[in-house]
Engineer: 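Just passing along the structure, written as structure tokens.
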2 protein chains.
Amino acid sequence: MKVLKRAPLENDPVPDLCRACKARHRGICGALDADQLAELSRRSHKQVVEAGKTLLDAEEPTTSYSNILAGVVKLSKMLPDGRQQIVGLQFAPDFVGRPFSPESSLKAEAVTATVLCTFPRNLLERMIEQSSGLEHRLYLQALAELDDARDLLLTLGRKTARERVATFLLMIARHTPKGEELEGEAESEAGFDLPLTRAEIADFLGLTIETVSRQLTKLKSSGVIRVEQNRRIRVPDMELLAAETGD
Amino acid sequence: MKVLKRAPLENDPVPDLCRACKARHRGICGALDADQLAELSRRSHKQVVEAGKTLLDAEEPTTSYSNILAGVVKLSKMLPDGRQQIVGLQFAPDFVGRPFSPESSLKAEAVTATVLCTFPRNLLERMIEQSSGLEHRLYLQALAELDDARDLLLTLGRKTARERVATFLLMIARHTPKGEELEGEAESEAGFDLPLTRAEIADFLGLTIETVSRQLTKLKSSGVIRVEQNRRIRVPDMELLAAETGD
DNA sequence: GAGGTTCCTTGATCCTGATCAACGCGTCAA
DNA sequence: TTGACGCGTTGATCAGGATCAAGGAACCTC
């Protein structure tokens, strides 16, 4: 769990792997030179966190950032009276954090068991100043997150409950890596597991638990999806699901 | 309207002003060295566009970016059946464009008469490669836009119609520069003009025209705001308005 | 195996905001 | 002057999704 205090090896066979987590920080490591990578490796640590673990808290000073190696992280905002909205979902190999702001205005929380490589905030911000490649990677991710957020805005502002649920299912299907799909698929049937509970899906889509549940039931009886043991979804025909999203 | 073909002057008294629009591209020019600024100036042109003018179109290849010098620009997305959602509002001195994507997934349109300084897309993308300072400025703006988008997600996902309208009014109030406020204010009364029509406010808030109109009427009869000639809003007590936003 | 807890589904009812419709007002052109 | 048009308001009604309520299934712990 703690840092590997290994000195940088000039002849390291895999010089672009973080030595702490033994993985390539896609989007981070690739932009660093050997010295920077060595320093980042020294001050990173790999951790496996369980579902529900808070990574960043709103109104709390941020002390560390992470890269997601596996798992799903939700970003959420809350109103004083407790109403909650999930404003983003992040998957490997996303970077988790809000650079250049002493505190995040949102909460980042592991949705599933999640593998992270974590490093100090001020180290990253120093490296950004040194390495324009690093900032470029982060900029590209911010632009991608902005695109995602605006897609979700369209969903929340203008789509019906059924369209929202279909949009969500399609999004998760697209984030399920090939090879992690479920077995035993007839023809080109797609299958995946939902990483979120019904309550979380509701908080993502601006709906209630009951509405999410009912819309899933309706999509099931329309033959668009099959649902097995709550979390497991099968989609006989992706086109059919896509036709339900409204766009 | 067209470019000023002036050679860079070493002893220019205001070297950080774009020579085309005679303004500082806040967020852009400040990050450039003298040569870059000269080139940008040469290939920029200042233009005044009227309300409704499209700056960027969804699914169309992007050929130019702009800085807003004055006015308001809306970013919107549309569903095939015509439902529309405004996913962002931009004010001076924002940069308008989506770097590193050949085409935008959204439409950018002037909401009011707007003054722009416009330059070719590929020039900017080349300068980003040369100047890490420039990319840093753009990254900061993208992060700010991301924060805005996520605030709006909370509004669309979890707030009531009344809260949404109050949130919108407060946002416009905050974007009205001091000094451009309306005259004749008793005590610390705030006043401003709405840059958007009711239909645009509705598209921003995920509501209908009628609901926006009714909620404005209700805020008026509650004494939170006064409305003069449709577009002019006065807020006797900002705290009272803020208390209506839900956060 | 009893009871608790979490997660999910389903039914009944309610209510917020959408929809449909009419009208007022200002502007512009014929 | 007249009518058309854009913009906004208001009223009547409707409906989609929220709320309230109950219960089932899986998984704990004791």
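Letters go in sequence order (proteins before strands), and every chain restarts at 1.
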Engineer: Can a side chain N or O of A:R231 be found less than 4.0 Å away from OP1 or OP2 on C:dC7?
Structural biologist: no
Engineer: Ignoring the backbone of B:R198, work out which of D:dT9, C:dT9, D:dG17 is nearest its side chain.
Structural biologist: D:dT9
Engineer: For B:E163 and C:dG17, what is the distance between atoms CD and P respectively, to the nearest whole Å?
Structural biologist: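 The distance from CD of B:E163 to P of C:dG17 comes to 9 Å, rounded to the nearest Å.
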Engineer: Taking B:K107 first and then B:D57, would you say they form a salt bridge - that is, a charged N and a carboxylate O separated by under 4.0 Å?
Structural biologist: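 Here B:K107 does not pair with B:D57 in a salt bridge, since their nearest N and O are not under 4.0 Å apart.
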Engineer: For DNA chain D, determine which residues of residues 204-221 of chain A have any heavy atom closer than 4.0 angstrom to one of its atoms, and list them numerically.
Structural biologist: A:G206, A:L207, A:T208, A:E210, A:T211, A:R214
Engineer: Figure out the CG/P separation between A:L156 and D:dA18, and round it to whole Å.
Structural biologist: 12 Å
Engineer: Kindly compute the distance separating CD (A:Q215) from OG1 (A:T217), expressed to the nearest 0.5 Å.
Structural biologist: 9.0 Å
Engineer: Send over the distance from B:D193 CG to D:dC7 C1', rounded to a whole Å.
Structural biologist: 16 Å
Engineer: Give me the ring orientation class for A:F119 and A:Y65: parallel if the planes are under 30° apart, tilted from 30 to 60°, perpendicular past 60°.
Structural biologist: perpendicular
Engineer: Picking from A:D247, A:D147, A:D151, what satisfies salt bridge (Lys or Arg N to Asp or Glu O under 4.0 Å) with B:K77?
Structural biologist: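 The salt bridge (Lys or Arg N to Asp or Glu O under 4.0 Å) with B:K77 is passed solely by A:D151 among A:D247, A:D147, A:D151.
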Engineer: In this structure, how many angstroms lie between the P atom of C:dG17 and the CZ atom of A:R158, rounded?
Structural biologist: 13 Å
Engineer: Roughly how many Å is it from CZ in B:R162 to C1' in C:dA18, rounded to a whole number?
Structural biologist: 19 Å
Engineer: Are any side-chain N or O atoms of B:R198 and backbone N or O atoms of B:I209, one a donor and one an acceptor, separated by less than 3.5 Å?
Structural biologist: no
Engineer: Using only atom types and a distance under 3.5 Å, with no angle test, would you say the side chain of A:S66 pairs donor to acceptor with the backbone of A:I68?
Structural biologist: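 Not a single qualifying donor-acceptor pair exists.
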Engineer: Do you know which two heavy atoms are closest between A:G71 and A:T114, and how far apart they sit?
Structural biologist: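 Result for this residue pair: CA-OG1, 3.8 Å.
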Engineer: Any idea which of D:dG17, D:dT9, C:dG17 is nearest the B:T160 side chain?
Structural biologist: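 Nearest to the side chain of B:T160 among the choices is C:dG17.
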Engineer: Grab the CG-P distance between A:L194 and C:dT9 for me, whole Å please.
Structural biologist: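 A:L194 atom CG is separated from C:dT9 atom P by 10 Å.
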Engineer: Distance check needed: D:dC7 P versus B:D203 CG, whole Å only.
Structural biologist: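 Nearest whole value for this atom pair: 13 Å.
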Engineer: Figure out the CD/P separation between A:E228 and D:dA25, and round it to whole Å.
Structural biologist: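 My rounded result for the distance is 18 Å.
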